[in-house]
Amino acid sequence: MHTDIAPLTARRHGPLKGRLRVPGDKSISHRALILGALAVGETRILGLLEGEDVLNTGKAVRALGARVERHGAREWRVHGVGVGGFAEPAAPLDFGNSGTGCRLMLGAVAGCPIAATFDGDASLRRRPMRRVLEPLERIGAHTLSSSEGRLPLRLAGARDPIPIVFEPPVPSAQLKSAVLLAGLAAPGETIVIEAEATRDHTEKMLVHFGAGVRVEPHGTLGRRITLAGQPELTPQPIVVPADPSSAAFPLVAAVITPGSDVILDGVMLNPLRAGLVATLIEMGALIERVGMRNEGGEEVADLRVRAGALRGVEVPASRAPAMIDEYPVLAVAAAFAEGTTVMRGLKELRVKESDRLAATVALLRANGVTADIAGDDLIVEGRGRAVGGGLVVTHMDHRIAMAALVMGLASEKPVKTDDASFIATSFPGFVELMRSLGADLR
Ligand code: S3P
């Protein structure tokens with residue numbers, strides 16, 4: 001289903017102006033389809049992200065027996081089969097580029113007495129799955145075949161799922177969510193103890209669907225999440241807010257392109273997702289939050305962003321979970337700041353859609369910016385400007401492609417990407433929306 005390679009070039013071309021709404025949140029969209037499929041009856045989803053990653057999750061739950069239908073623009077309905085009710089799929093489940101879709105569905109299948117084959121594209125086949133298989137095996141699932149914890153793999157779900165206490169070895173909402181989704185089918189309490197809190201969309205949506213979930217603080221940064229097993233999930237309407245990880249690209253583009261003034265409507269500001277906005281404000285960016293409100297259980301606001309001078313800052317490792325997907329574009333902002341920006345504790349970036357630590361440094365260096373990796377830290381020497389002129393290799397990574405194009409909108413020379421087609425995994429319409437602000441993307 002993935003479209004052909006599409007090189008794209010961004011050029012500086014005056015200020016960005018206008019108002020837009022980025023598509024629905026990817027994390028919430030995956031979860032809406034999955035919990036809808038595990039509920040009994042019809043779940044209505046408004047504003048679903050129609051990106052390739054989410055559409056692949058929709059196909060997977062359909063192959064497992066749920067009915068998934070589109071009703072007009074971005075309204076979707078899912079008829080679920082109930083917790084533990086998935087049917088064995090006839091063919092391998094293909095998650096394309098999506099680690100989230102694959103890992104969450106490994107959890108959902110692990111609680112059902114069926115076997116399924118999980119696969120993905122070349123990028124997803126390189127990403128670690130052992131970290132999620134380990135707790136799922138403790139719950140009672142079996143890995144029937146996999147090459148060194150990579151896709152393609154075949155998983156047999158548990159016949160009698162066992163509730164476990166799990167402490168994720170790395171801060172990961174995907175791991176936490178996989179265990180909670182498998183734990184739905186187990187009797188008794190499944191407990192996840194996070195040393196550092198990660199995005200809490202799974203917990204919140206489980207509560208919304210009527211499951212018993214208790215969330216308590218754990219240490220200074222962590223949380224202890226207790227799920228009461230075998231709930232009957234009751235379908236609830238879901239309104240998907242605008243994705244802050246997609247808003248990040250027009251946001252940074254407006255901050256670094258002189259004279260810009262842009263409004264981004266209804267951006268989700270869940271505190272566990274809002275690290276980029278906080279960091280940019282520390283750097284001196286002119287970002288106003290207007291009309292704070294609650295939409296579908298999440299805080300949202302319109303963000304008015306104007307271009308202005310930035311200064312380098314130190315971003316603590318403790319902030320990484322709240323902005324894990326935003327480092328490539330933050331690194332671009334850092335190049336346009338005056339002074340050094342140090343982003344600490346980015347080990348997890350090495351196992352994203354690409355090795356994002358390496359890809360981000362390569363992106364910056366190709367465009368005349370001094371950048372280095374020290375241990376797990378990324379250091380960018382900001383000079384208030386960037387030369388540009390580079391060709392950025394995107395490694396099947398949508399966020400590297402968008403970050404490179406944002407840089408090209410403000411650098412002295414154009415920035416080229418070898419392949420922008422993967423942008424469609426998370427941000428369909430990116431090029432058109434950026435052009436509507438005045439961006440020159442060709
Ligand atoms: C996601 C969690 C994050 C993030 C990904 C989406 C999710 O991954 O990078 O884009 O929806 O749970 P990890 O949980 O592995 O850090």
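When a ligand or atom number is given, it counts from 1 through the structure's own listing order.
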Student: Can we say Lys26 and Asp243 salt-bridge, meaning some charged N sits less than 4.0 Å from an Asp/Glu carboxylate O?
Tutor: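 Looking at Asp243 together with Lys26, the answer is no, because their closest N to O distance does not fall below 4.0 Å.
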Student: For Glu137 and Thr143, test the side chains for any donor-to-acceptor distance below 3.5 angstrom and give the result as yes or no.
Tutor: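 The criterion, which ignores hydrogens and geometry beyond distance, is satisfied for Thr143 and Glu137.
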Student: Before accepting this row, confirm whether a basic side-chain N of the pair Asp200/Arg273 lies closer than 4.0 Å to the acidic partner's carboxylate O.
Tutor: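 Not counted as a salt bridge, because no side-chain N and carboxylate O are separated by less than 4.0 Å.
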Student: Starting from atom 12 (O) of ligand 1, what is the nearest protein heavy atom, named by residue and atom, and what distance separates them?
Tutor: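 Answer for atom 12 (O) of ligand 1: Arg31 NH2, 2.6 Å.
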Student: Tell me the protein heavy atom at minimum distance from atom 14 (O) of ligand 1, and give that distance in Å.
Tutor: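 That would be Ala173 N, 2.7 Å.
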Student: So does Glu314 pair up with Arg344, basic N to acidic O under 4.0 Å?
Tutor: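 Looking at Glu314 and Arg344, the cut-off is met.
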Student: Side chain, backbone, both or neither: which applies to Arg199 and ligand 1 if a contact is any heavy-atom pair less than 4.0 Å apart?
Tutor: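 Side chain only; the backbone of Arg199 stays clear of ligand 1.
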Student: What is the closest protein heavy atom to atom 6 (C) of ligand 1, and at what distance does it sit?
Tutor: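 Result: Thr100 OG1, 3.2 Å.
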Student: Specify the protein heavy atom at minimum distance from atom 11 (O) of ligand 1: its residue, its atom name, and the distance to 0.1 Å.
Tutor: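 Atom 11 (O) of ligand 1 sits closest to the protein heavy atom Ser27 OG, 2.7 Å.
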Student: Determine whether any heavy atom of Glu348 lies closer than 4.0 Å to an atom of ligand 1.
Tutor: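 Checking ligand 1 against Glu348, which is what was asked, there is no heavy-atom contact under 4.0 Å.
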Student: What is the minimum heavy-atom distance between Pro89 and Ala115, and which atoms define it?
Tutor: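 Where Pro89 meets Ala115 most closely, the heavy atoms are CD-O, 3.5 Å.
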Student: Starting from atom 15 (O) of ligand 1, which protein heavy atom do you reach first, and at what distance in Å?
Tutor: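 Checked against all protein heavy atoms, atom 15 (O) of ligand 1 sits closest to Ser172 OG, 3.1 Å.
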Student: Suppose we measure from atom 4 (C) of ligand 1 to each protein heavy atom; which comes out shortest, and what is that distance?
Tutor: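 Heavy-atom neighbour on the protein nearest atom 4 (C) of ligand 1: Asp325 OD2, 3.3 Å.
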Student: Indicate yes or no: does Glu348 engage Arg131 in a salt bridge with an N to O separation below 4.0 Å.
Tutor: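 Salt bridge between Glu348 and Arg131, a charged N being under 4.0 Å from a carboxylate O: yes.
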Student: Would you say Arg103 and ligand 1 have an N/O pair spaced under 3.5 Å apart?
Tutor: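 No, since none of the N or O atoms of Arg103 sits under 3.5 Å from an N or O of ligand 1.
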Student: For atom 16 (O) of ligand 1, find the nearest protein heavy atom and state the residue, atom name and distance (0.1 Å precision).
Tutor: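 Answer for atom 16 (O) of ligand 1: Lys352 NZ, 3.0 Å.
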Student: Using a strict 4.0 Å threshold on nitrogen-to-oxygen distance, state whether Asp302 and Arg21 make a salt bridge.
Tutor: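 Answer for the salt bridge query: no.
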